[in-house]
Amino acid sequence: MIDEGFQRLIAGADSIIPENELKKKLKEGRPLRVKLGIDPTAPEIHLGFVVVLRKLRQFQDLGHIAVLIVGDFTARIGDPSGRSKTRPPLTDKVIKENIKGYAKQIFKILDEKKTELRYNSEWLSKLTPSDIVKLASNITVARLLERDDFEKRYTQQHPIGLHEFLYPLFQAYDSVSVRSDIELGGTDQRWNHLLGRELQKSFGQEPQVVFLMPLLEGLDGKRKMSKSYNNYIGIEEPPREQFGKVMSIPDELILRYFHLCLNYQGEELEEVKQRLEGGENPMKLKLDLAEGIVRLYYSEEEAKKTREEFIKVFSKEETPEDIEIFEVKKGEEVWIVELLDRAGLVDSRGEARRMIKQGALEIDGEKITDFTKNISFDDEAIIRLGKKRFLKLVPR
RNA sequence: GGGGAGGUUCCCGAGUGGCCAAAGGGGACAGACUGUAAAUCUGUUGGCAAAGCCUUCGGAGGUUCGAAUCCUUCCCUCCCCA
């Protein structure tokens, strides 16, 4: 392993514990088993998770094996990491459904041939009570309570289920079961992964190297990107959505997104930085960023098209091209609130009223603020509700 | 096992008989300003063809003209003692 390659491999990592062990393992020249736990709680992969997946792919390209562990058993517990409350456990059925869509998305990034897909129920459900007791003796309550998340909950007198204490233990046992050489994950997994090392040692195995990638902040710019915070950009979302979401990230995140989502390094990244510091409108950079991201998950053409359309719709306030169509009866009088509701633009009629009152509704560019109004249509019309919601009415 | 404190709307949290669809904050949404950024200001934030009606304060009963608020019972959480 030459040094340059090593640098590339560790690029972007938040921490590698310990780095010299990683070097040593790489020198052995054998395919390493790189473990990544996936949590089947959300059926959608987002850019934050992709950061880790892409690193894993890098390992694969060097001939190593990705060991993906579906936490079907542990999902019944719910990972307490970073949580302030107990996670609702998932049912088997939901887990299975989630995994199906998951695999499809994952192999857009990973090399399926160099991937070993395992379910941790395979070994965890075989543990006997005495096995579990033995496992549990490897960790003390004091150490568990050292964890930020548990500590916080404990001092704030929030409940912690005993099963939640078991979670990190089981995850660590996964490492033992698959004999992992390296465990990859986000920085919030540090504690869990380190426990994996200890457990492997006590099972007489060579401990895994803990390889942590930074957590990508979500659209709110504060919390990590996560389905449950609803601040994510999904890799399967339509281009327009992806583009729009990228445009709405806080400016402070621009560099980070270039780095973590588009893999900009060194000079490339420096150039973006220069542009920002040189007083260029950050919006321009975000346009490039958004285009880059759409290009990555769709195509060059799609990305260009989406960019042009974005500028057209939001900068020049023109109507987007292919908007969803809703059919109405020609000439029939409809109460405007009912129309919005039937068209599915709002969650309730109350919401429709509110938005109309607040001036969020435009029909063919004309603002409508009277929510008692009835209207009828003889020709096609464009409805715009708020900034993002569009609908084309087609009278039949 | 004993003693104490709690469970309120998306979240936190006030509310101890009518003025409560429930203060305040957060979040979210909308409007102004902009660059679908931030900051700021304004408004909205259970449902309904709405000055009215219906559903909501852990669950089920009850008292009352009237209950988030009182009583009974059940479930859940936290703390202290054993």
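Predicted, not measured: the structure shown is a model, and the values here were computed from it. Sequence lines set the chain letters: A, B, ... in the order given, protein chains first and strands last, and positions in each chain run from 1. What you see below is based on every heavy atom in this structure, not just the backbone, and it leaves out hydrogens, waters and symmetry mates.
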Using the [atom1] atom on both, measure [N] against [M] and round to a whole Å.
| N | M | atom1 | value |
| --- | --- | --- | --- |
| B/C53 | B/A68 | P | 16 Å |
| B/C54 | B/A21 | P | 12 Å |
| B/C80 | B/C29 | P | 41 Å |
| B/G15 | B/A38 | C1' | 36 Å |
| B/A23 | B/A82 | P | 44 Å |
| B/U40 | B/U34 | C1' | 11 Å |
| B/G61 | B/U55 | P | 14 Å |
| B/G52 | B/G7 | C1' | 33 Å |

For RNA chain B, whose closest nucleotide is more 5', that of A/Leu385 or that of A/Phe243?
A/Leu385

Nearest-nucleotide comparison on RNA chain B, the residue closer to the 5′ end among A/Pro250 and A/Val337
A/Pro250

Euclidean distance, atom [atom1] of residue [X] to atom [atom2] of [N] [Å, nearest integer]:
| X | N | atom1 | atom2 | value |
| --- | --- | --- | --- | --- |
| A/Lys357 | B/U42 | NZ | P | 19 Å |
| A/Gln157 | B/C80 | CD | P | 8 Å |
| A/Gln156 | B/C11 | CD | P | 16 Å |
| A/Asp347 | B/U45 | CG | C1' | 12 Å |
| A/Ile254 | B/U36 | CD1 | P | 13 Å |
| A/Lys388 | B/A28 | NZ | P | 10 Å |
| A/Leu219 | B/A38 | CG | P | 11 Å |
| A/Lys222 | B/A38 | NZ | P | 9 Å |

Measuring to OP1 and OP2 of [N], would you say a side-chain N or O of [X] lies under 4.0 angstrom away?
| X | N | answer |
| --- | --- | --- |
| A/Ser348 | B/C48 | yes |
| A/Arg353 | B/A50 | no |
| A/Arg354 | B/G47 | yes |

In terms of side-chain geometry, is the basic nitrogen of A/Arg118 or A/Asp174 positioned less than 4.0 Å from the acidic oxygen of its partner?
no

Taking 4.0 angstrom as the limit, do A/Asp288 and A/Arg307 come out as a salt bridge?
yes

Centres of the A/Tyr119 and A/Phe73 rings: under 6.0 Å?
no

A/Phe314 ring center within less than 6.0 Å of A/Phe310 ring center:
yes

If pairing requires Watson-Crick or G-U wobble contacts with both distances under 3.5 Å, which nucleotide is the partner of [N]?
| N | value |
| --- | --- |
| B/G17 | none |
| B/C78 | B/G4 |
| B/U45 | B/G27 |
| B/A32 | B/U40 |

Which part of the nucleic acid does A/Lys245 contact within heavy-atom distance under 4.0 Å: base, sugar-phosphate only, or nothing?
nothing

Heavy atoms only, 4.0 Å cut-off, all strands: where does A/Arg223 land among base, sugar-phosphate and nothing?
nothing

Let's see if you can work this out: which of [options] has an atom nearest to the side-chain heavy atoms of [X]?
| X | options | result |
| --- | --- | --- |
| A/Pro159 | B/C78, B/G31, B/C29 | B/C78 |
| A/Trp335 | B/G35, B/A49, B/U77 | B/A49 |
| A/Phe314 | B/U36, B/C29, B/G35 | B/U36 |
| A/Met355 | B/C48, B/U44, B/A30 | B/A30 |
| A/Phe310 | B/C48, B/G35, B/U36 | B/U36 |
| A/Ser248 | B/A30, B/U36, B/A32 | B/U36 |

In terms of base orientation, is B/A37 syn or anti, with the syn window spanning 90° either side of 0?
anti

Consider only side-chain heavy atoms of I, L, V, M, F, W and Y, link residues closer than 4.5 Å, and tell whether A/Phe377 and A/Ile323 are in one cluster.
no

Joint hydrophobic cluster, A/Ile293 plus A/Leu285, side-chain heavy atoms closer than 4.5 Å:
yes

Relative to the ring of A/Tyr264, is the ring of A/Phe258 parallel (under 30°), tilted (30 to 60°) or perpendicular (over 60°)?
tilted

Please evaluate the base of B/G27 for a donor-acceptor partner in the side chain of A/Asp220 within a cut-off of under 3.5 Å?
no

Mind checking whether A/Leu340 and A/Ile383 have side chains closer than 4.5 Å, heavy atoms only?
yes

